[in-house]
Amino acid sequence: IPRFRDQKISSAVRQYFGEDAVLPCWQHQELHVSRLVRHAISHAEGKETSDLQRVAHGIRVTGKERLLNVFPEDVRKLLRRVENAAMRLVLSAK
């Protein structure tokens with residue numbers, strides 16, 4: 001289902017905003033990592049999931065349970081990426 005969902009969203013971004021918007025606005029590695037981190041916090045009690053372990057995420061983990069430790073700089077980095085993606089969508093929609 002996640003792959004289907006990704007393909008569907010990628011197709012929609014491509015259709016409405018153009019091919020150049022797909023990578024920076026949906027498929028960028030930082031956006032992918034942020035979705036995995038959100039999933040781990042929401043659905044895995046904040047523990048590093050196997051999907052998250054397979055990517056270079058840069059989020060600190062602690063303990064034998066491998067709990068994620070999201071710091072303000074992690075949030076700032078994500079917000080900059082989301083801001084850049086949003087601005088790109090706004091400018092391409094003009």
Side-chain angles (χ1 to χ4, degrees):
I1 290 177
R3 286 188 192 135
F4 173 75
R5 196 174 303 142
D6 179 56
Q7 290 172 356
K8 196 171 183 180
I9 292 172
S10 293
S11 294
V13 171
R14 187 176 292 107
Q15 178 182 352
Y16 295 109
F17 299 102
E19 181 66 37
D20 292 344
V22 176
L23 177 64
C25 298
W26 179 250
Q27 294 178 338
H28 194 281
Q29 179 68 12
E30 288 176 0
L31 295 173
H32 177 65
V33 166
S34 68
R35 287 191 292 270
L36 293 175
V37 169
R38 186 214 59 84
H39 176 82
I41 292 170
S42 299
H43 303 289
E45 300 174 345
K47 297 174 187 168
E48 185 181 42
T49 62
S50 58
D51 286 340
L52 203 47
Q53 288 175 354
R54 286 192 283 269
V55 297
H57 56 77
I59 303 294
R60 296 167 195 94
V61 294
T62 56
K64 61 182 174 185
E65 289 189 322
R66 307 225 10 113
L67 292 174
L68 298 174
N69 293 269
V70 180
F71 284 82
E73 61 263 23
D74 301 320
V75 175
R76 277 193 300 273
K77 183 178 177 182
L78 169 62
L79 289 175
R80 278 195 303 274
R81 175 58 51 205
V82 170
E83 178 185 26
N84 290 338
M87 285 303 297
R88 184 161 190 142
L89 292 177
V90 167
L91 292 174
S92 68
K94 279 187 154 184

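Just so it is clear, the structure is predicted and the values come from calculations on it, not from any experiment.
- The two atoms that bring Leu52 and Val33 nearest to each other are CD1-O, 4.3 Å, heavy atoms only.
- No side-chain donor-acceptor contact under 3.5 Å links Arg60 to the backbone of Phe71.
- Linking ILVMFWY side-chain heavy atoms closer than 4.5 Å, directly or via other members, places Leu23 and Leu78 in two distinct hydrophobic clusters.
- Checking Lys47, Glu48, Glu45 one by one against Glu65, the side chain to side chain contact (heavy atoms under 4.5 Å, CB included) holds for a single residue, Lys47.
- By the neighbour-count criterion of 12 heavy atoms within 6.0 Å, atom CD of Glu73 is densely surrounded, having more than that number from other residues, nucleotides or ligands.
- In this structure, Gln27 CD and Ile9 CD1 are separated by 10.5 Å, a value rounded to the nearest 0.5 Å.
- For the pairing with Leu89, the side chain to side chain contact (heavy atoms under 4.5 Å, CB included) check across Tyr16, Phe17, Trp26 returns one residue only, Phe17.
- Val75 and Val82 fall into different hydrophobic clusters, where Ile, Leu, Val, Met, Phe, Trp and Tyr residues are linked whenever their side-chain heavy atoms come under 4.5 Å apart, directly or through other members.
- The shortest non-hydrogen separation linking Pro24 to Arg81 is O-CD, 4.5 Å.
- Pairing each heavy atom of Asn69 with each of Ile59, the nearest pair is O-CG2, 3.7 Å.
- A continuous path of hydrophobic side-chain contacts links Val70 to Leu36 [ILVMFWY only; heavy atoms under 4.5 Å].
- For the atom pair CD1 of Ile41 and OG1 of Thr49, the computed distance is 10.5 Å after rounding to the nearest 0.5 Å.
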Side chain to side chain contact (heavy atoms under 4.5 Å, CB included) assessment of Glu30 paired with Ser34: CA-CA 6 Å; Glu30 288 176 0; Ser34 68; over 6 Å; no
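- Gln29 and Ala56 make their closest contact through NE2-O, 4.4 Å (heavy atoms, listed as atom of the first residue, atom of the second, distance).
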Stepwise salt bridge (Lys or Arg N to Asp or Glu O under 4.0 Å) test for Lys77 and Asp74: CA-CA 5 Å; Lys77 183 178 177 182; Asp74 301 320; over 6 Å; no
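- Linking ILVMFWY side-chain heavy atoms closer than 4.5 Å, directly or via other members, places Leu79 and Leu31 in two distinct hydrophobic clusters.
- Smallest separation of non-hydrogen atoms from Ser10 and Val22: O-CG2, 3.8 Å.
- To the nearest 0.5 angstrom, Arg38 atom CZ is 12.5 Å from Leu68 atom CG.
- With rounding to the nearest 0.5 angstrom, the CD atom of Gln7 is 10.0 Å from the CZ atom of Arg14.
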